[in-house]
Chemist: 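If you scroll down you'll find the structure; I have some questions about it.
Every chain is numbered from 1, with letters handed out A, B, ... down the list of sequences.
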There are 2 protein chains.
Amino acid sequence: MENKTPITVVIIEDDETIRNGFTYLINTTQNYKVLNSYSNVEDALVNLVNDKPQVILLDIELPGIKGIDAIPKIKNILPKTYILMLTVYENEDNVFNALTKGASGYLTKSDNTEKIIDAIQEVVDGGAPMSMNIAKIVIKSFHKNQNSPLTKRETEILEQIAAGKSRSKIAKQMFIDLETVKSHIKNIYVKLNVHSREDAIKEAKNNKYI
Amino acid sequence: MENKTPITVVIIEDDETIRNGFTYLINTTQNYKVLNSYSNVEDALVNLVNDKPQVILLDIELPGIKGIDAIPKIKNILPKTYILMLTVYENEDNVFNALTKGASGYLTKSDNTEKIIDAIQEVVDGGAPMSMNIAKIVIKSFHKNQNSPLTKRETEILEQIAAGKSRSKIAKQMFIDLETVKSHIKNIYVKLNVHSREDAIKEAKNNKYI
DNA sequence: CGTTTTATCACGCATTTAGGGGGATTTTAA
DNA sequence: TTAAAATCCCCCTAAATGCGTGATAAAACG
């Protein structure tokens, strides 16, 4: 067990105490090694080519280039490196932005520090470690509103509109008359209090009707 | 610790062995209690009003009404009950369907059986427990394709098109000429090899360009 | 430093679509 | 057995769409 090739980590975090804390924690754990740690993205970007870590712990709140914007830059240099986000805040937009740009996991610093080791292992094993509250945010983003004012058919049609389909195409694919589709759309607009496809889509997505 | 009010659970699972196994496991754990277990959704639906469990363990592969279709029916009767999905298969569509309809967690039966207790506790605490592979599927669904053939501007415009905006509205909001927008859209169509908004949206979403 | 890509703007044209107005009828559920 | 939901009908005008064939300036790349 002792002489396995260790899992290599780089830390990008501006708070020196946290940076050193994590470095110590990881380095004193068997089979894990911190190759380097940086207090900002700029420094990290020039050195990462040499470090070639398997996992990067990336803070979100950083001076200069923010953690979120660092993700694509890092992925450019090291496409196979797993990026684990670290944050104190649980801002929804940050979560989805980071995931969209390619982060593989998302941890809050309030987590038990030992969890960081589990998370590093999990991400190397192809998993997607998340703190409990982050998982909740992610799962909740899938939940549809059960109190939609739209009927089943109206919802169906609005979904097709959101897919960019014309009224006539919707009619053909649903085997109903164009006039029926128009009628449904009229009712949708009244219910959502809008006067265009754009606003209907926006309103429906905001309220998670679709 | 011993005389806390226990967390109440109902199991809906057709395999008798698994059903009894989970029931035994949960009932022999302090502070957890299985109120009832059912081998199909139909039976469960008529009794759930009396059971009023905090958590339901719901199998996906069931005879008659499938687990996925059971979710909205259960939510109708008991809107506050947390639903944890159980499955042997890790079918992507099932995962997203279940989450969309309101499942709060998703576990594979291959998980260590003790994890089920942790998951029940986590969901009651407002979390969203997932097996590692499920978390991976969920997180991956957010990842955008880094090899998009579209330029930044083209991607921007295609996103607006996917939001249902007209070319002229896009032009106004981006402070560019309608002709410029038309030009971009033409290039998008060529690159994606499509001839309509609908197909452009579909192609872009399929490949995660947007 | 030169070449390519990207972003910008131009004009015309045939065809379809969108949104709104006013209805009616038939299924489906409560 | 009512109410809600889904279906279909006709009219209208302004706007949008997709495609053709361009040009020019700015940015990025090697």
Chemist: For the side chain of A/Thr8 and the backbone of A/Lys33, is there at least one donor-acceptor N/O pair under 3.5 Å apart?
Modeler: no
Chemist: If we check side-chain contact (heavy atoms from CB on, under 4.5 Å) with B/Ile12, which of these qualifies: B/Leu62, B/Leu57, B/Leu45, B/Asn40?
Modeler: B/Leu62
Chemist: How many whole angstroms separate atom CD1 of A/Ile185 from atom P of D/dA5?
Modeler: 18 Å
Chemist: For A/Ser168 and C/dT17, is the shortest distance between a side-chain N/O and OP1 or OP2 below 4.0 Å?
Modeler: yes
Chemist: Under 4.0 Å, counting only non-hydrogen atoms across every strand here, what does A/Arg167 touch: a base, just sugar-phosphate, or nothing?
Modeler: base
Chemist: What integer distance in Å separates B/Ile176:CD1 from C/dA10:C1'?
Modeler: 14 Å
Chemist: For B/Lys165, does the NZ atom have more than 12 heavy-atom neighbours from other residues, nucleotides or ligands under 6.0 Å away?
Modeler: yes
Chemist: In whole Å, what is the span from the CG atom of B/Asp177 to the C1' atom of C/dC11?
Modeler: 12 Å
Chemist: Going by modelled atom types, is there a donor-acceptor pair between the base of D/dT7 and the side chain of A/Ser183 at under 3.5 Å?
Modeler: yes
Chemist: Between A/Glu179 (CD) and D/dC9 (P), how many Å, whole number?
Modeler: 8 Å
Chemist: For A/Ser166 and for B/Lys152, locate the closest nucleotide of DNA chain C by heavy-atom distance; then report the residue assigned to the nucleotide nearer the 5' terminus.
Modeler: B/Lys152
Chemist: B/Ile157 CD1 to D/dA16 C1': how many Å, rounded?
Modeler: 16 Å
Chemist: For A/Phe96, does the CZ atom have more than 12 heavy-atom neighbours from other residues, nucleotides or ligands under 6.0 Å away?
Modeler: yes
Chemist: So that I can tick it off, tell me whether B/Lys202 and B/Asp199 are bridged by a salt bridge, with the cut-off set at under 4.0 angstrom between side-chain N and carboxylate O.
Modeler: yes
Chemist: Any N or O donor-acceptor pair linking the side chain of B/Lys186 to the base of D/dG22 at under 3.5 Å?
Modeler: no
Chemist: Taking only the side-chain nitrogens and oxygens of A/Ser196, find out if one of them lies under 4.0 Å from OP1 or OP2 of C/dA18.
Modeler: no
Chemist: A/Lys182 side chain: which of D/dC8, D/dC11, D/dG18 is closest?
Modeler: D/dC11
Chemist: Rounded to the nearest angstrom, tell me the gap between atom CD1 in A/Ile161 and atom P in C/dG19.
Modeler: 8 Å
Chemist: Out of D/dA6, C/dT6, D/dC8, which has the shortest distance to the side chain of A/His184?
Modeler: D/dA6
Chemist: Do you see a donor-acceptor pair shorter than 3.5 Å between the side chains of B/Tyr209 and B/Glu203?
Modeler: no
Chemist: Does a nitrogen or oxygen in the side chain of A/Tyr189 sit under 4.0 Å from OP1 or OP2 of C/dG19?
Modeler: yes
Chemist: Quickly work out the A/Leu178 CG to D/dC9 C1' distance and round it to whole Å.
Modeler: 11 Å
Chemist: What's the CD-C1' distance between B/Glu198 and C/dT17, to the nearest Å?
Modeler: 14 Å
Chemist: Looking at D/dC8, D/dG18, D/dA6, which one has an atom nearest to any side-chain atom of A/Thr180?
Modeler: D/dC8
Chemist: Would you mind checking if A/Lys109 and A/Asp59 are paired as a salt bridge, meaning a charged N to carboxylate O distance below 4.0 Å?
Modeler: yes
Chemist: Return the angle between end axes of the helix from C/dC1-D/dG30 to C/dA30-D/dT1, with five pairs used per end and rounding to 10°.
Modeler: 90°
Chemist: In terms of side-chain geometry, is the basic nitrogen of B/Asp177 or B/Lys182 positioned less than 4.0 Å from the acidic oxygen of its partner?
Modeler: no
